[in-house]
Amino acid sequence: MDGVLHQVFSGIASGGIYASIALALVMIFTATHHVNFAQGEMAMFSTYIALTLIEAGVPYWGAFAITIVFAMVVGTIVQKILMEPLMNAPVLASVGVFIGLLFIFNSVAGWIFTYTLKPFPTPFGEGGPLLGGFFSRHELGSTAITVVVLFSVWAFFRFTSLGLAMRAAAFNPVSSRLVGVPVATMLALGWGLASGIGAIAGMMVAPIVFLDPNMMGGVLLYAFAGALLGGITNPLGAVLGGFLVGIIENLGGAYIVGTELKLSLALIIIVAVLTLKPAGLFGKVLASRV
Amino acid sequence: MQPETKLLEVKGLRAGYGETWAVHGIDFEVMAGRVTALLGANGAGKTTTLRAISGMVKTAGTVDFNGKSLVGMKTEAIAAAGIAHVPDGRGTFMELSVEENMKLGAYTRKGDQTAEFDRMFAYFPKLKERFRQQAGLLSGGEQQMLAIARALLLKPKLLLLDEPSFGLAPLIVREIFDIMRQIKDREGVGILVVEQNASLALDISENAYLLETGRIVMSGASSEIAKDEGLRRSYLGY
Amino acid sequence: MSRTGIIIACILMAAVPYFFASGYQLFQLTLVVTYAVAILGLNLVTGYNGQVSLGHGAFYAVGAYTTAILMDKFDVPYWATLPISAAVCAGFGFLIGLPALRLGGLYLALTTFALAVAVPQLLKYRLFEDYTGGVQGIVILKPDPPFGLPMTGDQWVFLFTLLVGIVCFVLSANLVKGRIGRAMMAIRDQPLAAEAMGIDIAMLKTRTFAVSALMTGIAGSLGAIAVQFVAPDAFGVPLSLTFFVGFVVGGGASIVGPIFGAIFVEFIPNIADEISKAAPGAVYGVLLIALMFLAPGGCASLVRKAAPYMPWNRKTG
């Protein structure tokens, strides 16, 4: 029983990281109906920036903050330069750009930082496990950070007028312009925010999986699955979906098929669930009157 | 407020989509504190004209607002300059609550909006009842009221209304036009209203222009046009 | 382009192995044809029918392994594996197409992506090792030219691949030009109207999936014969991504598009490698993005725009 609980808690810890990336995906999806395949690679690249800063002697939390700002700026610039001009182009053109970005970030990271696995520090100390031995210190700390991030993002969208304007721009760009919301700026800010959230997820996952240019490949896939499992139009659902995927992955890997097939198993379970419930577990069918 | 100042002056306006023009060089003006109606059949270019003023379509010619040219300005900047536009289909933010829709209406204004919200509730008491509900669940008439409230919260100098009667039951249309009359008297805004329902529009407006396939074929005081039976029969169909 | 033009182009391509390319170049051209067929399969289901698949590498893998296992374990001649491989992949595609009926858009993308992840892992799985050869894969023999034709094995493999490829393209072109093709596109653009016109959406979608898997599976068989080797790691997510890039570059809903896409995915990585040994992926990414800016609708859209100015289409006077 303890073993099961341990797997569940590990699942919650990695699920939190999937949940963050899932949220980033949902944010961009709601605004543009695109899934940003490069989200994971952008997060990976930001994590390298954090490592470089830490190795240069910047204290952990300073590097953490600088990295988030860096990621937000890069996200905003990418949207302005690459995505905005293609706003009226066919969807496949944007998909092509996402895949191109994925290649670029991956390759440039490999070029600058090499493809060798690098250890990444945790700010939560190396000591023994906590909470009755179920959580490692890093798992507990990163879950706490994830929860704080997710809550802040929710509060930002729910209670600030900028957050409201960003949601409005995503749902109804035409009406948003007519009330004076600069929609293009909102989209760019959305990309920046998503990229910042991704960077935090990258810095939280790197101590567990080690840092290398391909670190986020699996994470992005789990996050995508989590977003769909929870309902891609529903940010809260996507977050819950991310946690759920983490738990499914850990339990399935430990007790059913072993690590070599755990990715396949997790995906098959998710696809099976989606076949039964196509809008996702928490996806709501939006009510509207015409 | 001097009623005879020109709020909006449009000269040789052409507007359209992609390769084609839908409006072929029209002149008209809107006076401050007055209602001007753009009449015409489906496809005459009325909606395109409103969209041109708001910078939403390809535009050529002169559009001066308070003596300042709007051509080439971004839609959001035109809104911030004091032009509120209720688009065709009402432009409701369906996913958001009534409250959030109204907050967005006041997006360009700083500070506490409670007093402004209360003013809107005086015109549209239904919105107060439905304040916390999802806007997509409102009836068509309620959505039209929300749309007008959203536009007025911008504190506009010019209000553009695209087919406020569209798709609504006659009783609701009358209610909305009654409220529009109050708004016209109290808010001192210039209103440019596009309508297929000519009798309603002539009734509420001081001046009217008649559009046909992208050109103005008739203009004058609304009361004169309403009196001219031949004109009514041949162009307005009632 | 006129029919004669196409026939002349085919003959010219068939002559290539004699006069121009040799060795590695010929091998690359064989792969271009193979990829073109694989991307054509993807284009049928995604471009014409609007069902996004990120996992066509899986069908390619199934086709390749069918051919390899039949040749290696059952001594079936290489050409005879093609119909069997086609049937296996069509059946597999049909089965995958069934849940796809309920899962539109992104959900289908995830399902097929899951397939792309799962298939290589299953090919490695120890229970199937007797057939699949596990991580090691299977080595197969290069076919000899038939009837004592005076050419090398490589040249014959190219000709054989080209022949099969041309058949696939002609069949697909006829398919999309006809009634079924119109129905496929109607489902993509106006599903409600298509249903109202009496199109059996469910049946057509699953069948399209099956035909698409069949094409890509045949490509897998051709690829296995050309490479003379199959191994799970060659058929992972990157291969599916390669097909998708080829599809996007070529342009959706186009028969010639996949040819451009195949040329891009076969040659551009080499060019990128020559430009920058340090970060070839970055050069590849930049070229891909640049192409999307130049031709947002893919190469096929450029061809469509250029067509009226081509000599064979220009009206005199």
Side-chain angles (χ1 to χ4, degrees), chain A residues 25 29 33-35 37-38 41 81-82 85-86 88-112 213 217-218 221 224-225 227-229 232 257-258 260-272 274-280 283, chain C residues 46-47 52 54 98-122 124-126 237-238 241-242 244-245 247-252 269 272 276-298 301:
Chain A
L25 290 177
F29 180 80
H33 288 245
H34 295 150
V35 170
F37 293 110
E41 307 304 294
I81 294 180
L82 294 180
L86 289 178
N88 299 317
V91 183
L92 284 177
S94 301
V95 175
V97 172
F98 288 134
I99 298 177
L101 278 173
L102 189 149
F103 282 119
I104 293 173
F105 279 109
N106 191 291
S107 178
V108 170
W111 175 37
I112 302 178
L221 187 53
F224 182 37
L228 289 176
L229 186 63
I232 187 126
V257 289
E260 48 183 312
L261 280 183
K262 76 172 181 179
L263 187 57
S264 297
L265 178 79
L267 289 172
I268 289 164
I269 292 174
I270 291 154
V271 167
L274 287 173
T275 311
L276 297 174
K277 218 166 170 324
Chain C
T46 305
V52 176
L54 292 177
L98 285 178
L101 287 175
R102 284 183 62 96
L103 301 171
L106 282 175
Y107 298 92
L108 182 60
L110 176 74
T111 309
T112 48
F113 200 106
L115 194 67
V117 171
V119 163
Q121 293 193 341
L122 288 173
K124 276 186 216 173
Y125 200 55
R126 48 188 183 277
V237 172
L241 205 58
T242 297
F244 203 82
V245 168
F247 161 67
V248 172
V249 164
S276 162
K277 282 263 180 288
V283 177
Y284 185 69
V286 169
L287 290 174
L288 177 59
I289 292 175
L291 192 88
M292 292 296 100
F293 272 75
L294 291 174
S301 69

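A, B, ... follow the sequence lines: proteins, then strands. Residue 1 opens every chain.
Annotation: side chain of C:F293 is in contact with side chain of A:L82 (closest heavy-atom distance under 4.5 Å). Contact check for C:V286 versus A:F103: no side-chain heavy atoms found under the 4.5 Å cut-off. Taking 4.5 Å as the limit, some side-chain heavy atom of C:F247 sits within range of a side-chain heavy atom of A:L92. In this structure the side chain of A:F37 reaches within 4.5 angstrom of the side chain of C:L54, judged on heavy atoms.
Contact record, C:G281 with A:S107: N-OG, 3.2 Å, taken as the closest heavy-atom pair. For A:V108 against C:A282, the heavy-atom pair with the smallest separation is CG2-CB, 3.7 Å.
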Working for side chain to side chain contact (heavy atoms under 4.5 Å, CB included), residues C:F244 and A:V95: CA-CA 10 Å; C:F244 203 82; A:V95 175; 3.5 Å; yes
Test side chain to side chain contact (heavy atoms under 4.5 Å, CB included) on A:I104 and C:I289 and set out the steps. CA-CA 10 Å; A:I104 293 173; C:I289 292 175; 3.8 Å; yes
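In this structure, chain C has heavy atoms under 4.5 Å from both the backbone and the side chain of A:L101. At a 4.5 Å heavy-atom cutoff, the contact between A:V97 and chain C is made by backbone and side-chain atoms alike. The contact between A:F29 and chain C is made entirely by side chain atoms (from C-beta outward), counting heavy-atom distances below 4.5 Å. C:L241 touches chain A through its side chain: at least one heavy atom from C-beta onward sits under 4.5 Å away, while N, CA, C and O do not.
Taking C:A114, C:S301, C:A295 one by one and counting their heavy-atom pairs under 4.5 Å with chain A, the maximum is reached by C:A114.
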